[in-house]
Amino acid sequence: MGTAGIGAPEDYSIFSIPQYSMINKAWLDDLGLEVPTTLDELHDVLKAFQDNDMSAKYYGNAPGSTIPMSTGFDEWCWGQNIFYAGFGFTNWPADVCNDLVLHGDGTVEFICVTDAYRDAVTYFHDWYAEGLMDIEMFSQDTTQLISKCSQGYVGVSTWWYIEELMGDCSDDYVFLPVLDGPDGTHNVTVRTGGGINSGQLNITKKCKSPANLLKFFDMWYDPEVVMQLQYGPIGTYFTEQDEDGVWLSISDEESREKYGKGSGELKGEYEVSGPKLILSDYYLTTFKMEDRAIERLTDLYDFWMPYVSDTAFYPVDCVYTGRELDDIDWYKPGFESAVAEQEGLWIKNGGPTDAEWEAYIKYLKDKCGMDKLLKVYQDA
């Protein structure tokens, strides 16, 4: 599912930029402020939201209830990481592949040991210390974040798209552009869910006719069949065809009326695990992409991708040898935990000093197998 599916000339995965940042434009207008274009400007705006207690002033919530910015911590579509773009990268240490950067010369490196990363965590500690970042960002779940945002307590946040997070307050919010950092530059590190992956089908020696079994699974790749395996059957999830014979999915309202649940939940009930492949042109010839995906891809192509200076990404569908997989299994969990834990401590408590930074890198090398992991990913 990429931008080619909506007819764009270049194809970017829907996962390319998972975090969309947003700001309460109504609060800005009330205070006579413009949408920020730099991190320093956003800092001043968040301070204004806090000082004027905008949640209480604009929505009538309890005095002192304003949360200038709330996100998760290193979460996929709702973390703080999009704001690191002002330091030249975005990362997600909770997945080591998303902390890797592939350079133009074919070399890879971990962002979490670069000077840019150190500068970023040092910078955002000041925001946290001033109360501009939600103190619950390290512990809250998505339900808590949605509750805060939809009730008008939060000025800035990140999510897959505005309406789902902000609820009845959605009309008051606009996208926050990717912000320039202290040196006047920015870059979003492009990510992808991977065009292909393995592990969807295994055939054991108990199978008496592998050829016939594969003939059966070949049928799964037929456009109209894979459509139903991914979303739901014709007559339930796909209700009618347009004048070109393209299937249209059930609307959210119709699904709630007929089945007592939204279309997304209905899809979850019917989706079948197993080998599938949906080509971009299927969305143009066989079934219409769901409306919210069209909206997101349109926003991705028109609004967000212009902020990306380098579209290279580390391929998450690399194939590894058995020995490489053993090294990943052995070192990756400890490496990820160490990086994420230290990042959280630096944002909360400040730092790192020169001594702390040197000790951190030494620990990743000596105890967490950083060099071995880097060799695995580089070789792959």
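Side-chain atoms are counted along with the backbone in the values below, which use heavy atoms only and exclude waters and symmetry mates.
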- Message: I'd like to check F110 versus L364 (side-chain heavy atoms, cut-off strictly below 4.5 Å). Are they in contact?
- Response: no

Intermediate values then yes/no, side-chain contact (heavy atoms from CB on, under 4.5 Å), Y283 and M1
CA-CA 9 Å; Y283 297 114; M1 183 177 281; 3.5 Å; yes

- request: For the pair T37 and E41, evaluate side chain to side chain donor-acceptor pair (under 3.5 Å) and give the outcome as yes or no after the intermediate values.
  value: CA-CA 7 Å; T37 59; E41 289 176 3; 3.0 Å; yes

All heavy atoms of N91 vs all of D99, minimum pair found to be ND2-OD1, 3.1 Å

**Request:** Please determine if R296 and E164 form a salt bridge, counting it only when a charged side-chain N lies under 4.0 Å from a carboxylate O.
**Result:** no

- Query: Does the ring centre of Y221 sit less than 6.0 Å away from the ring centre of F217?
  - Reply: no

Notebook entry, point to check: For T90 and N81, does a side-chain donor sit closer than 3.5 Å to a side-chain acceptor?
Noted result: no

Other residues, nucleotides and ligands only: do more than 12 of their heavy atoms fall within 6.0 Å of CD on E341?
no

Flag the pair Y237 / Y270 as yes when their ring centroid distance falls below 6.0 Å, and as no otherwise. no

What class does the angle between the rings of Y128 and F138 fall in, given that below 30° is parallel, 30 to 60° is tilted and above 60° is perpendicular? perpendicular

Exercise for review: Considering only NZ, NE, NH1 and NH2 on the basic side and carboxylate oxygens on the acidic side, decide whether K375 and D379 come within less than 4.0 Å.
Suggested key: yes

- Item | Hydrophobic cluster membership, I250 vs V246, 4.5 Å side-chain cutoff | no

Derivation and outcome, salt bridge (Lys or Arg N to Asp or Glu O under 4.0 Å), residues R292 and E163: CA-CA 10 Å; R292 74 171 191 165; E163 288 74 15; over 6 Å; no

Open item on the list: Is there a path of hydrophobic side-chain contacts, each under 4.5 Å between heavy atoms of I/L/V/M/F/W/Y residues, joining L213 to V225?
Closed with: yes

Between S280 and D11, the two heavy atoms sitting closest are OG-OD2, 3.7 Å

Check: According to a 4.5 Å side-chain heavy-atom criterion applied to Ile, Leu, Val, Met, Phe, Trp and Tyr, with indirect links allowed, do W78 and M137 form part of one hydrophobic cluster?
Finding: yes

- Query: Strictly by modelled atom types, are T38 and D180 linked by a side-chain donor-acceptor pair under 3.5 Å?
  - Reply: no

Mutual orientation of the aromatic rings belonging to Y117 and Y84 [parallel < 30°, tilted 30-60°, perpendicular > 60°]:
perpendicular

Start with the C-alpha gap between L28 and E34, add the side-chain angles, then the distance that decides, and say whether side-chain contact (heavy atoms from CB on, under 4.5 Å) holds. CA-CA 6 Å; L28 290 174; E34 299 295 326; over 6 Å; no

Specify whether Y377 and Y314 have parallel, tilted or perpendicular ring planes, treating 30° as the upper limit for parallel and 60° as the lower limit for perpendicular.
-> perpendicular

On a heavy-atom basis, the closest approach of N187 and D310 is OD1-N, 3.6 Å

query: Could you go step by step and tell me if Y58 and N52 meet the side-chain contact (heavy atoms from CB on, under 4.5 Å) rule?
result: CA-CA 10 Å; Y58 196 83; N52 291 276; over 6 Å; no

I'd like to know if L284 and I14 are part of one continuous hydrophobic network [Ile/Leu/Val/Met/Phe/Trp/Tyr, side-chain heavy atoms within less than 4.5 Å]. no

- Message: Once you measure the plane-to-plane angle for F15 and W76, does it fall in the parallel (<30°), tilted (30-60°) or perpendicular (>60°) bin?
- Response: tilted

### Task
Classify the angle between the aromatic ring planes of W304 and Y20 as parallel (below 30°), tilted (30 to 60°) or perpendicular (above 60°).
parallel

query: Under a 4.5 Å cut-off applied to non-hydrogen side-chain atoms, are D354 and R118 in contact?
result: yes

Self-check item: Ring geometry between H43 and W127 (parallel below 30°, tilted from 30 to 60°, perpendicular above 60°)
Solution: tilted

*asked:* Is it the case that the side chain of S16 and the backbone of S13 share a donor-acceptor pair, with hydrogens and angles ignored and the cut-off at 3.5 Å?
replied: yes

Is K372 paired with D326 through a side-chain N to carboxylate O contact shorter than 4.0 Å?
no

Could you verify whether a donor N or O on one side chain and an acceptor N or O on the other, from E269 and Y259, lie under 3.5 Å apart?
no

**Request:** Apply side-chain contact (heavy atoms from CB on, under 4.5 Å) to Q230 and V272, showing your working.
**Result:** CA-CA 6 Å; Q230 181 73 9; V272 179; over 6 Å; no

Q) Would you call the rings of Y360 and W357 parallel, tilted or perpendicular, where under 30° means parallel and over 60° means perpendicular? A) tilted

- Out of curiosity, does L132 fall in the hydrophobic cluster containing W27 (side-chain heavy atoms, cut-off under 4.5 Å, transitive links)? yes

*Salt bridge check: are D30 and K57 linked by an N-O gap of less than 4.0 Å?*
yes

